[in-house]
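Down below is the structure, laid out as structure tokens.
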Amino acid sequence: MTAPSAAPRAAPSAAPNTANTAAHIGVFDSGIGGLSVLRAVQQQLPGVRLTYIADSQHTPWGERGTAWVAARCQQLAGWLIDQGASLVLVACNTGTTQAITTLRARWPATPFVGVEPGIKPAVAASRNQRVAVLASAGTLRSARLQLLVHAHAGRAKVLQLPCPGLAEAIEAGGADTGALQQQLDSVAAVLRAADVDTVVLGCTHYPLVADALRQRLGQAVVLVDTADAVARRVASLLGKAPGAAAARPGGLRLFSTADPAALQAAARRWLGSAAAAQALVLHGP
């Protein structure tokens, strides 16, 4: 079971597009995790034009400093805007919490949509008021995340659980490697010991292994993923009703700063896409 989420904020100055054929959405993440959000966008806006960057050369971002993350996000966003993106989706919790304010200030005419851990819907869904947030260290230490907890936790106990190595394991092996299975076993053991009944997937990599995590926790535990709410926000900014198809398919372009073959395989697995991936060379900030 997946709980709904409040939609993320976007730049108020942005003007919506009038047709999906004119809409070009640029999406970036530290790696393949943002494919979970891109998948939701494709479902909400079939046929929209999409360009995706996986910064797999530098994954994970969660262990990096705020200044580095902000600078890297500006590089990736700038490249997408130069490619003609009319809206940029920051499909990374660490990137959103540490850089989206800077991005909106630098490009005030471009709408930016980010992803944030769904604290509010998780607390609302919890029966025993024990909630866990799974996220990177960078997301958990951010002021933005702490503001969300302070604003919405109320009387609920919120376990903030860093998951070092989990995103990398997903990046490296899909859902089949022994290392990933061990990581999931360890995370599930902590969650069971804490008696949480609602778990926020606070990294876009984690929904890719939601089924495996749910198998370990049981169907009674609610997993909160904000991807659908993010996609609805994108549709709203583009002036489109969810599910509205474009007059002409816009297509999907994939770029990786590391191994394009790995991104191409991930897109085939998680999206059912046959799109080819290309290498993208951007010097680090």
Side-chain angles (χ1 to χ4, degrees), residues 1-3 5 29-37 39-40 54 56 58-64 91-94 115-119 121-123 125-142 145 149 153 156-227 258-259 262-263 265-271:
M1 178 178 180
T2 302
S5 168
D29 178 43
S30 64
I32 67 169
L35 294 177
S36 66
V37 185
R39 178 174 58 192
S56 296
H58 297 105
T59 197
W61 287 354
E63 308 302 319
R64 296 182 180 273
C92 174
N93 286 268
T94 298
V115 293
E116 293 180 336
I119 306 298
V123 171
S126 178
R127 302 175 304 279
N128 67 3
Q129 294 298 280
R130 291 179 180 270
V131 173
V133 182
L134 307 184
S136 71
T139 296
L140 293 178
R141 70 170 177 261
S142 69
L145 185 279
V149 173
K157 294 183 178 180
V158 179
L159 170 65
Q160 299 181 40
L161 182 61
C163 300
L166 182 54
E168 298 96 304
I170 296 170
E171 192 87 16
D176 299 328
T177 67
L180 176 56
Q181 298 303 318
Q182 291 179 3
Q183 288 268 0
L184 292 171
D185 287 343
S186 298
V187 170
V190 174
L191 296 176
R192 286 194 299 268
D195 193 30
V196 301
D197 69 355
T198 309
V199 178
V200 178
L201 304 178
C203 170
T204 53
H205 282 76
Y206 301 166
L208 299 178
V209 293
D211 289 342
L213 186 58
R214 188 178 287 110
Q215 289 175 1
R216 289 162 168 80
L217 297 175
Q219 294 298 318
V221 175
V222 176
L223 303 183
V224 177
D225 173 17
T226 62
D259 180 10
L263 174 59
R268 185 181 306 115
R269 174 171 190 156
W270 304 114
L271 304 178

Spatial distance of atom SG (Cys163) from atom CD (Glu168) [nearest 0.5 Å]: 10.5 Å
Can you name the closest pair of heavy atoms from Ala40 and Ala227 and give their distance? CB-O, 3.6 Å
Taking side chain to side chain contact (heavy atoms under 4.5 Å, CB included) as the criterion, tell me which of Leu191, Val199, Thr198 meets it with Val221. Val199
Output the distance between atom NE2 (His205) and atom CG (Asn93), rounded to the nearest 0.5 Å. 11.0 Å
Residue pair Leu208, Arg269: steps toward the side chain to side chain contact (heavy atoms under 4.5 Å, CB included) verdict: CA-CA 10 Å; Leu208 299 178; Arg269 174 171 190 156; over 6 Å; no
What is the minimum heavy-atom distance between Asp29 and Gly33, and which atoms define it? OD2-N, 3.1 Å
Check Arg130 against Asp195 and note the closest heavy-atom contact, atom names and distance. CD-O, 3.4 Å
For the side chain of Asp197 and the backbone of Ser126, is there at least one donor-acceptor N/O pair under 3.5 Å apart? no
Heavy-atom distance under 4.5 Å between the side chains of Leu140 and Leu161, does that happen here? no
Would you mind listing every side chain to side chain donor-acceptor pair (under 3.5 Å) that reaches into residues 132-141, with sequence neighbours excluded? Thr94-Ser136, Thr94-Thr139, Ser136-Thr139
Can you name the nearest heavy-atom pair linking Leu159 to Ala194, along with the distance? CD2-CB, 3.9 Å
Residue pair Ser36 / Thr204: nearest heavy atoms and the distance that separates them: OG-O, 2.8 Å
For residues Val131 and Lys157, determine if any side-chain heavy atom of one lies less than 4.5 Å from a side-chain heavy atom of the other. no
Please check if the side chain of Arg214 supplies one atom and the backbone of Ala220 the other of a donor-acceptor pair under 3.5 Å. no
If you define the side chain from C-beta out and look only at heavy atoms, does anything of Glu116 sit under 4.5 Å from Thr226? no
Side chain Arg64, main chain His58, donor-acceptor under 3.5 Å: yes
Kindly determine whether Gln160 and Leu145 satisfy side chain to side chain contact (heavy atoms under 4.5 Å, CB included), including the steps that lead there. CA-CA 10 Å; Gln160 299 181 40; Leu145 185 279; 3.5 Å; yes
Contact summary for Ala169 and Gln183, nearest pair of heavy atoms: CB-CG, 4.4 Å
Close side-chain approach of Asp225 and Val200, heavy atoms under 4.5 Å: no
Working for side chain to side chain contact (heavy atoms under 4.5 Å, CB included), residues Leu35 and Leu263: CA-CA 10 Å; Leu35 294 177; Leu263 174 59; 4.3 Å; yes
If you round to the nearest 0.5 Å, how far is CD of Glu171 from CD1 of Ile32? 4.5 Å
Calculate, to the nearest 0.5 Å, the distance between atoms SG and CG belonging to Cys203 and Leu166 respectively. 7.5 Å
